[in-house]
Structure formats: structure tokens, C-alpha cells
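Reviewing the structure listed below.
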There are 2 protein chains.
Amino acid sequence: MKAFQSYKNPSLAVDLVVFGYHNNILSVLLLNRKEEPFKDTWVLPGAFVQMEETFLHTCCRVLQTKLGMDNVYLEQLYSFDAIERDPRGRAVSVAYFALVNPQKFTVTAGQMANDVKWFPVKKLPVLGFDHKEIFKMARQRLQSKILYAPVSFELLDDLFTMTELHELYECILEVELDRRNFRRKILDAEYIVNTGTKREGLQNRHPDLYRFNRKLSKHHFHLNIATN
Amino acid sequence: MKAFQSYKNPSLAVDLVVFGYHNNILSVLLLNRKEEPFKDTWVLPGAFVQMEETFLHTCCRVLQTKLGMDNVYLEQLYSFDAIERDPRGRAVSVAYFALVNPQKFTVTAGQMANDVKWFPVKKLPVLGFDHKEIFKMARQRLQSKILYAPVSFELLDDLFTMTELHELYECILEVELDRRNFRRKILDAEYIVNTGTKREGLQNRHPDLYRFNRKLSKHHFHLNIATN
DNA sequence: GCAAAAGTGTTACCCATACACCCATGA
DNA sequence: TCATGGGTGTATGGGTAACACTTTTGC
């Protein structure tokens, strides 16, 4: 057995679709490029995969050094391979999506970028490379994933009200959901736990605070959402 | 803007999980390796991605040259990146799965392999590399995909009976499904079309022959299968 | 007390399930 | 005419959607 020759291989990069949610708005984190190609254009954060690191490691490197984030939910999305997707040469990109609570981090532009900013998914600028396509797929994946897997809490504070969770689902799915039926479904699924405490300081009745049920029974949870 | 330097990049390969179905048995196509590493061991068919080709192109190359197949259903599965997955050095693999009607092709071992064979998914040999892991994920993906997308017909002849389709679903999902309820669901979904012809030459009543509905209405089809 | 939001309960209906029954064919 | 598999129909019940009502808070 011989080791691999120094065959030429496509460049291998990781690109991240980082979702954040705040004030009833779903946003994505974008970088403004400092260099060609796509100078001064917004793109998804990313980096080349080093010889000795896994994709997840590359993701964390990007999150830490470029965005100052750590300990976020990450999931592989898809690998993009169009021949001409990068004008510098053949480059394959493995896309990941991340779910973040933007409250927990303050993003600042690293050396490589002019700027880093949250953009509401409804008001995206033109994106460089094929990043629009990557974003679209990530958005779809999030919409379906939230129906059968407990990922939504990654976007919220540790404690949250039923209304906040409800609004999050409506925002991501882009549909109206009956408040009371939503509540029952979520509770029946043992998705979340009532902490007994209440959120104070607001007008009106103080809502119960919930926390996600870490030891969620594995029995296939599926939110049977009516798309009205 | 400068082109990519000759940085060293991980090797990039495509591996294929080719599913075939016949006689109520779901099988996977495996190669027996002629060389180290994993000499004389069964593995998934695959190839390295050339600089100027897309993943799909690599897939087709493998299917044609190594297996003598063309025009099969292909879908990207996942990218595998464990550092030590290939003893020859760092190699990333983009896995695809394929759905094939084995009746349509006769597989013969190419130059690179000792042998090529269909293995029932219930009787798999030990697999080289991390191919067991890849296979498992493909199997799961097929199980879920068949519930919400019209892919099952890729495994059948153009014309088929309701019973044949029914048995296919039971085989893939590994559950028993009520014959009559299955029929109604499939028909309500306008999933298939009755051709008006019947399969003859059998004992008993001659069953209707169906064909898949190519112009399947896009309205989100979902087979609500009871897992009893 | 009023408005607004949050918590709880109820009804009606749809649809999936679990069946029974009839039909066609070969032996 | 009998056994076997294939086609068609139906009743029941569980669960979802669409509701109304009560409770709590700030002003």
C-alpha cells in the first residue's frame, strides 16, 4: 500500500449559514469581503479545510476567530461542487448551518473582512459565489428540521415563554399557528418543561417560563403543523 | 485576484451506495478490492473526483466504467471527513446513493476489483473503510425519503402491480402495511396511474398494472405510514 | 374597571385504521 | 367449486382544527 501521491485535488472549503433569531426576526450572519473575488460583496463566512482537521473543526475555527462564537449548534447541510463556483479555481464547499442566540455574542469584523453583520432573511443583499443557493437550502432545511427535531431552543434564551416559542415557529415557518393548539402539541410532546417561574415586569399577565427538556424521550417527535 | 496556490488539499472521493430491489429483497452493490488497503474486502464503489468534474460526473463515471450502468437515480447523501478514514492519507468522501432496477443491468467486475456483487442489506459482509457507516445513513435516508418523495418507482419496472409496490414499501420500511389502506393512500396521492392493462399468466385474478405519474402534482405528498 | 395577553377547556369533524366482502382466475 | 390473491367498500375512534371562556396584570 502506498500513500496518496501529490495528485492535484480541488480546494476544499467550509461555508457557514449562521442563523440568529431576535425580536421576531430571523437573521443570517454575513461577511463583507475585503479582497477579490467579490470584493466589497456580502458572503457567507467560511474557510479552507486544513489537511489535518475535520469539517467541524474548520467550522469552529471560523466561528471563533472570525465571529467570536463558540459552543453553537452545527449541522452539515450539503456539499456544493459546481465547476465555476469560485473564479480562483476549482473549489468544493461543504456547507454547514449553525443556530445561534445572537444575544450571547457581539460580532466584530476580523482581519479578513470589512464588516460582519446580521441580515434579516427577508432583506438579504446580493451574495457572492453561489452563496444564495446555499442559503436557500439552509433555510429550507431549518424549516423542515424544526418540525421533527428539538433545535429551536438553540435560538432562544435558556428560559422563554410559550408565546416566544410560538412566535419563533411562526417566523421560521412563515405561517400562522393557532396559539392554543400549538401550546398543546408542544406540551404533549414533552418538548419543554415549565420551570414554575414567571417572566415579570411586563404589562398584562405574567407568562410562565419554560426550559427545554434535555432528556427528551426519543420517541419520534413530529409537530404536525397545519399550514392553513 | 490570484488563482489558488498549490496548497495541499485533502483527497476528494465519491462513494456510492447503489440500492437494487428484486424478489422482495433490497440489496446493495459492493466491490471486492484487489489492492491494499482493504485488499479482498468488500467496499462501496467509488472514485476520486477529478479536477474538472462535478460529483455527479464522478458518480456516472463509476456507474458506467465499473458497473456498466447509466441513467440511474442519484442523490447526494452526506460528506464524510473523519481524519483516519483512509489509511493512505487524508481523504474526504462525498457519499451518494443510487436507486437501480437490477433487472436492467448485468454487473461485471472491472479491472479494479476482484468481484462485484449484490448483497441483501440484511446479509452484508464486513465493509472496508467507514463504509458501514455510510451504508447505514443511506439506508435511513431511503426509508424516510420513500415516505415523502416519489422515488420508489426507480427500483421497479415501468409497469408494476399494486402488490409489488406494496411489498416494496414493506421491505424498505421493514413494517407491515395494511394492503387496502396502502392502496387508498397511494391512489389518493395521485402517485401512480392505472394503465388499464393487467398482468397475465399468473394464478388467480390478474392484477392491474400501474405506472408512475410523471406529472405528479407538487402538492407536498406525504405517506402517513402507520408503524403499527 | 378596562384592555391586552396568557392559561384552560370544549366541540365537531376529518381521516386513518381496522375491518368485511366481493371478484377473477387456475387447477 | 375451491383456494388464492386482487379489487372495493365501510364503521369506528383518535386526534386535530376551530372555537369560547377564564385569569392575571398594568394603567
Side-chain angles (χ1 to χ4, degrees), chain A residues 23-24 146-148 156-157 159-171 173-211 217 219-228, chain B residues 23-24 146-148 156-157 159-171 173 175-211 213 217 219-228:
Chain A
N23 278 136
N24 222 339
I146 205 180
L147 294 178
Y148 65 85
L156 296 174
D157 293 333
L159 299 181
F160 51 87
T161 67
M162 186 62 80
T163 302
E164 285 163 3
L165 186 64
H166 177 227
E167 285 175 343
L168 170 62
Y169 272 79
E170 289 192 328
C171 176
L173 296 174
E174 297 182 289
V175 291
E176 289 206 343
L177 302 171
D178 184 274
R179 180 177 67 90
R180 294 149 290 187
N181 293 332
F182 176 82
R183 160 187 290 271
R184 189 162 21 75
K185 276 180 196 166
I186 292 286
L187 289 176
D188 285 356
E190 297 180 355
Y191 204 52
I192 58 178
V193 184
N194 195 325
T195 63
T197 58
K198 292 178 184 297
R199 168 149 299 162
E200 318 226 350
L202 301 169
Q203 282 184 319
N204 313 326
R205 181 169 179 172
H206 296 168
D208 293 355
L209 283 171
Y210 294 87
R211 120 174 336 125
S217 62
H219 72 67
H220 221 215
F221 164 67
H222 192 279
L223 254 201
N224 205 346
I225 295 287
T227 41
N228 292 338
Chain B
N23 278 136
N24 224 337
I146 205 179
L147 293 178
Y148 65 86
L156 296 174
D157 294 332
L159 299 182
F160 51 88
T161 68
M162 186 62 79
T163 301
E164 286 164 2
L165 186 64
H166 176 227
E167 285 176 341
L168 170 62
Y169 272 79
E170 289 192 329
C171 176
L173 296 174
V175 291
E176 290 205 346
L177 302 172
D178 183 273
R179 181 176 66 89
R180 295 147 292 188
N181 293 333
F182 177 80
R183 160 187 289 273
R184 190 162 21 75
K185 275 180 196 165
I186 292 285
L187 290 177
D188 286 355
E190 297 180 355
Y191 205 53
I192 57 178
V193 183
N194 195 326
T195 62
T197 58
K198 291 176 186 298
R199 168 150 299 162
E200 318 227 349
L202 300 170
Q203 282 183 321
N204 314 326
R205 181 169 179 171
H206 296 168
D208 294 356
L209 282 171
Y210 294 87
R211 125 177 327 127
N213 184 5
S217 63
H219 71 65
H220 221 214
F221 165 67
H222 191 277
L223 256 201
N224 205 345
I225 295 289
T227 40
N228 291 336

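Here is how names work: the chains are called A, B, and so on, in the same order as the sequence lines, proteins then strands, and each is numbered from 1.
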Rounded to whole Å, how long is the line connecting atom [atom1] of [X] with atom [atom2] of [N]?
{"X": "A:Asn194", "N": "C:dA6", "atom1": "CG", "atom2": "P", "result": "14 Å"}
{"X": "A:Lys198", "N": "D:dT23", "atom1": "NZ", "atom2": "C1'", "result": "10 Å"}
{"X": "A:Arg183", "N": "D:dG15", "atom1": "CZ", "atom2": "P", "result": "20 Å"}
{"X": "B:Leu177", "N": "C:dA16", "atom1": "CG", "atom2": "C1'", "result": "13 Å"}
{"X": "A:Leu187", "N": "D:dT16", "atom1": "CG", "atom2": "P", "result": "14 Å"}
{"X": "B:Asp188", "N": "C:dC14", "atom1": "CG", "atom2": "P", "result": "15 Å"}
{"X": "B:Phe182", "N": "D:dT8", "atom1": "CZ", "atom2": "P", "result": "15 Å"}
{"X": "A:Asp208", "N": "D:dT24", "atom1": "CG", "atom2": "P", "result": "11 Å"}

Consider the side chain of [X], meaning its heavy atoms from C-beta on, and name the nucleotide among [options] that approaches it most closely.
{"X": "B:Pro207", "options": "D:dG6, D:dC19, C:dG7", "value": "D:dG6"}
{"X": "B:Thr163", "options": "D:dA17, D:dG6, D:dG7", "value": "D:dG6"}
{"X": "B:Arg179", "options": "D:dT16, D:dG7, C:dA6", "value": "D:dG7"}
{"X": "A:Arg205", "options": "C:dT17, D:dT23, C:dA24", "value": "D:dT23"}

Name the residue from A:Ile192, A:Leu209, A:Leu168 that meets the side-chain contact (heavy atoms from CB on, under 4.5 Å) definition with A:Phe160.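 The single option meeting the side-chain contact (heavy atoms from CB on, under 4.5 Å) with A:Phe160 is A:Ile192.
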Which of parallel (below 30°), tilted (30 to 60°) and perpendicular (above 60°) describes A:Tyr191 and A:Tyr169?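 A:Tyr191 vs A:Tyr169 ring planes: perpendicular.
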Salt bridge (Lys or Arg N to Asp or Glu O under 4.0 Å) partners for A:Glu167, two or more places apart: none
Select from B:Leu202 and A:Gln203 the residue whose nearest nucleotide in DNA chain C is closer to the 5' end of that strand.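 Between the two, 5'-proximity favours A:Gln203.
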Answer yes or no: does a side-chain N or O of B:Lys185 lie under 4.0 Å from OP1 or OP2 of C:dT17?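 Yes.
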Is B:His206 close enough to C:dG26 that one of its side-chain N or O atoms is under 4.0 Å from OP1 or OP2 there? yes
Going by side chain to side chain donor-acceptor pair (under 3.5 Å), name the residues that satisfy it together with B:Arg184, two or more places apart in sequence or in a different chain.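 Listed in chain order: B:Asn181.
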Please evaluate the base of [N] for a donor-acceptor partner in the side chain of [X] within a cut-off of under 3.5 Å?
{"X": "B:Asn181", "N": "C:dA18", "answer": "yes"}
{"X": "B:Arg180", "N": "D:dG6", "answer": "no"}
{"X": "A:Arg184", "N": "C:dG7", "answer": "no"}

Closest-nucleotide mapping onto DNA chain D: is B:Met162 or B:Asn204 further toward the 5' terminus? I mean the 5' end.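 Mapping each residue to its closest nucleotide by heavy atoms, the 5'-most match is B:Asn204.
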Does one side chain, of A:Thr197 or A:Thr195, offer a donor that lies under 3.5 Å from an acceptor on the other?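 Yes, side-chain donor-acceptor contact under 3.5 Å.
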